[in-house]
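Worksheet for the structure shown next.
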Number of protein chains: 2
Amino acid sequence: MQDVARRVGVSPMTVSRALRDGTSVNAQTREAILQAVDELGYVFDATAANLRNQRTGFVAVTIPSINNANFADTVRGLSEGFREHGLQSLLGYTDYDMAQEEVLVEQLLRRRPEAIIVTGGRHTPRCRRLLESAGIPVVETWDLPAEPVGHVVGFSNAAAAGMLVDHLVETGRKRIAFIGGEEGRDSRGADRRAGFVAAMRRHGLDATRLVAAGVPPVSMIEGASATRVLLEQWPDIDAILCVSDLVAFGALTECLRLGIVMPDQIAIAGFGNYEVAEVSVPPMTTVDPFPEAIGRGSAEAVLRALGLVERSDAHTAEIVPQLLVRASTVPVARSVVPAPA
Amino acid sequence: MQDVARRVGVSPMTVSRALRDGTSVNAQTREAILQAVDELGYVFDATAANLRNQRTGFVAVTIPSINNANFADTVRGLSEGFREHGLQSLLGYTDYDMAQEEVLVEQLLRRRPEAIIVTGGRHTPRCRRLLESAGIPVVETWDLPAEPVGHVVGFSNAAAAGMLVDHLVETGRKRIAFIGGEEGRDSRGADRRAGFVAAMRRHGLDATRLVAAGVPPVSMIEGASATRVLLEQWPDIDAILCVSDLVAFGALTECLRLGIVMPDQIAIAGFGNYEVAEVSVPPMTTVDPFPEAIGRGSAEAVLRALGLVERSDAHTAEIVPQLLVRASTVPVARSVVPAPA
DNA sequence: ATGAAAGCGCTAACAT
DNA sequence: ATGTTAGCGCTTTCAT
């Protein structure tokens, strides 16, 4: 900035002003400054500005995985909410691991974000302490924790899984299995499994047909091999509920390979309303958790907490998921019957 | 840091030392400092340290999209390469748009990354100038540009598409169509289409069966509807090459819905070796561009350029993609025949 | 092993 | 409309 100022013959302060608002700077001076910037190839140093302003302009965001359409949609919702307020997201990946989340949160906080948005409502004790004492707004998403750290934008994974069980039971299924991931990692997956078990018991059904298909995130291929195991162990099952649509698609392909007719012999349901659930043959019943709305809601919670939009006392925004019934659980003829006039 | 120092009765300098190496600080003093840090909930301010050190410890990375298994794998490879050297990736998304890439690159450079890794070898003129004059190592990936800015870790998208055409022609296909995205966005997709056209001409075949299915990234659903359009316009096609496996999977499902037998009536091939290509029924022929190797190679290029590992004069690392022949283009009986002893 | 001084590049606050 | 002063929270350098 010194160099630019010297070249134009003004003080660095004028350069600073010209580079920001541009108001209260002589139009010609400003022109000359912008030209000098271009000629010198000067690039503004946000590091120094951040230190001076005690504002970094970014919000830390932790998501379990970079390659997941659901979390990607949440991030898109976030980014859109932040854009016009000049906030950027600083993303970090936990790989579905609370220990990594703790490390990541600590690293992110050192970069002085103005708020932090985490996926899930369960953390290591130290991570929770870090969040509580961070002195910035905290938003937990994709969950509805009993004792949130700060703000919450999410839904009950257990209740959503229950919706799917209810649907399967209502359409006549009784011997329903659940394919999820190994325990101790993905707490949202664990909540879905717990919701499955609770709903099955509520209906007086056997809730012990549980398969752990691999380390979260469970893949399509793991979903397929788990289905084979499942069918060997419990050949009489009439429905499979999966922790995600990706696993469900793996199950669907395994049924295709084995010549099992869906939904007649076996119904399959997933979770997340991924694209594959819509386009697969047959299309799959699932639950849409509205990931982008979670993102938009989280951005709004942050903006409110920072006083950038009108404040509000609400600390929890529940985004109610929606059941999507498709041909993998209900015969097409039945699902396309128009409602009576 | 002042607060911690006061509490322990030392100077901030000692705190600074204790928080980093810990060497050349009395063990008891160090203990007391760490305890005070914990009690006060002090969090190190990386912003200030970055300014003073003129090192931020992060590398800027632009990828077209969060939510893409290929780029996610590249990022994983990068992160692994960086981890032990204490470098972090600062990710930005261009949404397959060169104008957005320009904005993003400028924003990222303000944060003073130590290197920048961009996806693709085509940029707006200003973006190219920004990269050239950034004064930090630049790596272009997922491409093999004729005039690279700096380092290159990638492959020829055109040549890879040619491999697929060659395979289809060798297995007897002649009336091959290509489904890609609308022009002017995804330059890697455009290169694949160009490679398709060039290879078809090389074989003396009609290279005009081209469909633009939507704005990149083209979805599975867009792949499915493009396939319907394709089959109406050119009912005689015997193969479809798609810009990605996701599009190819859409095409596959449309064929299933229409009762078209694969590969007998129509062969389908994709690009990227996404998981869906392996698990689909039938599994799909594709090309594996080894995304994680691109990430590892890019990390290595950065580390070498920064002098963190042994230097090298190589500026271009070609990661040669691999053709994966599966049942969507070749009858199973044929593909499983064991090699003669 | 520890401390004091100086400064990284920017900008709020107060002149003029 | 522009300039001067001071300082954000660290760490390198040079003492002691």
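- For B:L19 and D:dT11, the CG to P distance is 8 Å, given to the nearest whole Å.
- The residue B:R17 sits close to a base: some heavy atom pair falls under 4.0 Å.
- Regarding A:N26, its CG atom lies at a distance of 11 Å from the P atom of D:dG3, rounded to whole Å.
- Along DNA chain C, the nucleotide closest to B:G9 and the one closest to B:R52 are compared, and the more 5′ of them pairs with B:G9.
- Residue A:S24 is in base contact, counting any heavy-atom pair closer than 4.0 Å across all strands shown.
- Between the CG atom of A:N53 and the C1' atom of D:dG9 there is a distance of 14 Å, rounded to whole Å.
- Of the two residues near DNA chain C, B:L51 and B:T29, the one whose nearest nucleotide lies more 5' is B:T29.
- Between B:R311 and B:A305 the shortest heavy-atom distance is NH2-O, 3.0 Å.
- Of the options B:R129, B:E102, B:E140, a side-chain hydrogen bond (donor to acceptor under 3.5 Å, both in side chains) to B:H123 is made by B:E140 and by none of the others.
- A straight line from CZ of B:R20 to P of D:dG9 spans 17 Å, rounded to a whole angstrom.
- A straight line from CZ of A:R30 to P of D:dT2 spans 12 Å, rounded to a whole angstrom.
- Ring geometry for A:W142 versus A:F155: interplanar angle over 60°, hence perpendicular rather than tilted (30 to 60°).
- With hydrogens and angles ignored, the 3.5 Å screen pairs no side-chain donor or acceptor of B:R111 with any backbone N or O of B:Q107.
- The local environment of CD in A:E310 is sparse, with at most 12 non-hydrogen atoms from other residues, nucleotides or ligands closer than 6.0 Å.
- The side-chain contact (heavy atoms from CB on, under 4.5 Å) search around A:A190 returns A:R193, not counting sequence neighbours.
- Along DNA chain C, read 5' to 3', the first and last nucleotides having any atom under 4.0 Å from a heavy atom of chain B are C:dA1 to C:dG9.
- Within the structure, a side-chain polar atom (N or O) of B:S16 is placed less than 4.0 Å from OP1 or OP2 of D:dT11.
- A donor-acceptor contact closer than 3.5 angstrom is absent between the side chains of B:R128 and B:T124.
- The CE atom of B:M13 sits 13 Å away from the C1' atom of D:dA15 (whole-angstrom rounding).
- When the options A:T141, A:L90, A:V118 are evaluated for a side chain to side chain contact (heavy atoms under 4.5 Å, CB included) with A:T62, the one that passes is A:V118.
- Of the residues in residues 31-47 of chain B, B:Y42, B:F44, B:D45 come within less than 4.0 Å of DNA chain D through at least one heavy atom, sorted by number.
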Could you check A:T94 against A:Q100 for side-chain hydrogen bond (donor to acceptor under 3.5 Å, both in side chains), going step by step and ending with a plain yes or no?
CA-CA 5 Å; A:T94 66; A:Q100 263 191 257; over 6 Å; no
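- Note: CZ (A:R112) to P (D:dG9) measures 9 Å, nearest angstrom.
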